[in-house]
Number of protein chains: 2
Amino acid sequence: MDEKKTDRRILRTRQKIKETFAHLMEVKGFEAITIRDLTECADINRGTFYLHYLDKYDLLEKSEDELFEEMERLTDEAWEDVSRDQFEKVNMNEPLPFIIKLFEYLEENYDFIKVLLGPNGNSAFQVRVKEVIQKKMLDKFLIHSHPEHMLVPLDYLVAYVSSAHLGVIQQWLERGMDRTPQEMALLLSKISNFGPAYVAGLKETVEE
Amino acid sequence: MDEKKTDRRILRTRQKIKETFAHLMEVKGFEAITIRDLTECADINRGTFYLHYLDKYDLLEKSEDELFEEMERLTDEAWEDVSRDQFEKVNMNEPLPFIIKLFEYLEENYDFIKVLLGPNGNSAFQVRVKEVIQKKMLDKFLIHSHPEHMLVPLDYLVAYVSSAHLGVIQQWLERGMDRTPQEMALLLSKISNFGPAYVAGLKETVEE
DNA sequence: CCTTTTAATGAACACGATGTTGTGTAATCA
DNA sequence: TGATTACACAACATCGTGTTCATTAAAAGG
């Protein structure tokens, strides 16, 4: 049913469609794109589009799927390395390698990702990015945490942290990636480990 | 140009449109709604719709505007009270009143808001919710923080915290509002003040 | 290299949603 | 009550959709 097609014509056509799609997403946003637009711009027959995709939603989904799968593959890989090497060690001031990998991948696909995670982006895709982060955070909390010290429900805590990470990613994209993946991962590590109040310099006002 | 219309017919028609719109958003989602659908369901003439709105995007925008403005009004009010009463006091373990107000307002408009902030929601609206939170957080940090203790850039910190809050709101909506606004605000206060790592019970593993 | 297979083209089609217009009706306001 | 105007109804051109068919061209395989 879903056998891999190797015909060069198919690969060429699909690539051209996806390229043009990514381009038009930047230019006019997803909703404004019509199949006519896309196929004219890609210089292929309109009917040809329907040989490969059901409609533009199908195209979006399949494009996102590819990004998502690679994102998950890379971060899973990095996460397994850490789990094996430093299973019991929690470094308060070191960035998580899988977060670095995530930023690196986003950087590679900047043009398209910026649109998907931007203000006119796709909520469903943002949920999937959060899921990638959530999975690892859940792991981390379940392995390293002391349940008796868990002050809030786990699912809310995970929602908090993964959304925070996504928010910082979005800010980073909006600022035109003004820092390296390493710097970003370290920054996230600091806030998450020391807490927003502490890194903001708020805690002292109370302690003194 | 934008004078207030008081004609009952206008008010009735617009209300019916907005009601039906909110209803259809829940049932089939924004993209699947057609003006035909909407006007048939609202039992008004299709042409009448165009006397009030340019298209469905205009309708969405204006509906969101109303939610946004009320959201901002309520939270601004609560924020000013705090700024006046306890300007210098930072309570580590007390919920922020404006966050309580925010949750209360979301609760009142559950049906519509749940769609807008859900997985098939509107990214632009989510940005606006974050902006409401951001504005206050920025205030808080600027007033109470010690700049010399600021460990990360302010904009990234604000992005982190406001996105985290939005994420928790979304989780709360998905869980069918399983807690009270007060409980949610307290929960958020705990995580933000003590830090994700601490409330997860992670910090002890390092300190011991 | 030649044959077979099949992807892509171009044109045509019915269909549905859009946004506009003109006329008549009925509700609202002053 | 009389003037105003929001609304209903119907018709219209326009556009994008998704499908079909015969035709052309390119790739795969022997």
Side-chain angles (χ1 to χ4, degrees), chain A residues 1-66 115 120 122 124, chain B residues 1-66 115 120 122 124:
Chain A
M1 192 139 193
D2 225 326
E3 328 114 58
K4 263 189 186 164
K5 303 287 185 180
T6 53
D7 193 316
R8 293 173 225 165
R9 287 172 296 180
I10 294 184
L11 299 177
R12 240 191 304 115
T13 302
R14 290 193 184 165
Q15 174 131 356
K16 193 128 201 187
I17 289 177
K18 279 184 276 187
E19 273 174 26
T20 311
F21 180 54
H23 173 65
L24 287 178
M25 285 281 281
E26 298 171 48
V27 175
K28 47 165 62 183
F30 178 70
E31 287 314 325
I33 297 176
T34 66
I35 309 298
R36 282 191 117 82
D37 269 348
L38 180 71
T39 50
E40 248 170 64
C41 192
D43 197 40
I44 60 167
N45 191 274
R46 193 166 64 85
T48 305
F49 175 87
Y50 293 103
L51 296 176
H52 299 280
Y53 304 98
L54 293 174
D55 50 32
K56 71 172 179 169
Y57 298 95
D58 187 45
L59 170 59
L60 175 64
E61 202 178 304
K62 284 181 174 147
S63 301
E64 288 182 350
D65 279 351
E66 287 176 20
V115 183
N120 291 313
N122 183 289
Chain B
M1 191 134 194
D2 225 325
E3 327 114 58
K4 263 190 187 165
K5 304 285 184 180
T6 53
D7 194 315
R8 294 176 222 164
R9 288 172 295 181
I10 293 184
L11 298 177
R12 237 189 309 113
T13 302
R14 290 193 185 165
Q15 174 131 0
K16 193 127 202 186
I17 289 177
K18 277 183 275 185
E19 273 174 25
T20 311
F21 180 55
H23 172 66
L24 287 179
M25 285 282 280
E26 299 171 48
V27 174
K28 46 167 61 184
F30 178 71
E31 286 314 326
I33 296 177
T34 67
I35 309 296
R36 284 190 117 82
D37 270 347
L38 182 71
T39 51
E40 250 170 64
C41 192
D43 197 39
I44 61 167
N45 189 274
R46 193 165 64 85
T48 304
F49 175 87
Y50 294 102
L51 296 176
H52 299 279
Y53 303 98
L54 294 173
D55 51 31
K56 70 171 181 170
Y57 298 96
D58 187 45
L59 171 59
L60 175 65
E61 202 178 303
K62 283 180 174 148
S63 301
E64 287 182 351
D65 279 351
E66 287 177 20
V115 183
N120 292 312
N122 184 289

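Letters go in sequence order (proteins before strands), and every chain restarts at 1.
Rounded to a whole Å, the CZ atom of B/Phe49 is 16 Å from the C1' atom of D/dA6. Regarding B/Arg14, its CZ atom lies at a distance of 9 Å from the P atom of D/dA6, rounded to whole Å. Atom-to-atom, CG of A/Asp7 to P of D/dG29 comes out at 9 Å; the value is rounded to the nearest Å. Regarding B/Glu40, its CD atom lies at a distance of 13 Å from the P atom of D/dA8, rounded to whole Å. Nucleotide D/dT5 holds its P atom 20 Å from the CG atom of B/Asn45, rounded to whole Å. Between A/Asp58 atom CG and D/dT17 atom C1' there is a gap of 15 Å when expressed in whole angstrom units. Counting to the nearest Å, the C1' atom of C/dG10 and the OH atom of A/Tyr50 are 16 Å from each other. When rounded to the nearest whole Å, the span between CZ of B/Arg8 and P of C/dT28 equals 5 Å.
Minimum atom distance to the side chain of B/Asp55 is reached by C/dG19, of the listed C/dA27, C/dG19, C/dA17. Across C/dT28, C/dT9, D/dC7, the shortest atom-to-atom separation from the side chain of A/Ile44 is found for C/dT9. For A/Ile35, the side-chain atoms get nearest to D/dG18 when compared with the rest of D/dG18, C/dT28, C/dT9. Of the candidate nucleotides C/dA26, D/dA26, C/dA17, C/dA26 has the atom nearest to the side chain of B/Arg9. Considering only side-chain atoms of B/Thr48, the nucleotide from C/dT28, D/dG16, D/dA8 that sits closest is D/dA8.
The shortest heavy-atom contact between A/Leu38 and A/Leu24 is CA-CD1, 3.8 Å. The heavy-atom pair separating A/Lys56 from A/Glu31 by the smallest distance is NZ-O, 3.0 Å. In terms of heavy-atom proximity, B/Ile33 sits nearest to B/Met25 at CD1-N, 3.8 Å.
Contacts of B/Arg12 with the nucleic acid, taken as non-hydrogen atoms under 4.0 Å apart, involve only primed sugar atoms and P, OP1 or OP2.
For C/dA8, the OP1/OP2 oxygens have a side-chain nitrogen or oxygen of A/His52 closer than 4.0 Å. Under 4.0 angstrom from either OP1 or OP2 of D/dA6 there lies no side-chain N or O belonging to B/Thr13.
Each of B/Arg14, B/Lys18, B/Lys62 was scored for a side-chain hydrogen bond (donor to acceptor under 3.5 Å, both in side chains) with B/His52, with one residue passing: B/Arg14.
Looking at A/Arg46, its side chain comes within 3.5 Å of the base of D/dG18 through a donor and an acceptor atom. Side-chain atoms of B/Arg36 and base atoms of C/dG16 include no donor and acceptor less than 3.5 Å apart.
When the nearest nucleotides of DNA chain C are assigned to A/Leu51 and B/Ile33 by heavy-atom distance, the more 5′-ward of the two goes with A/Leu51.
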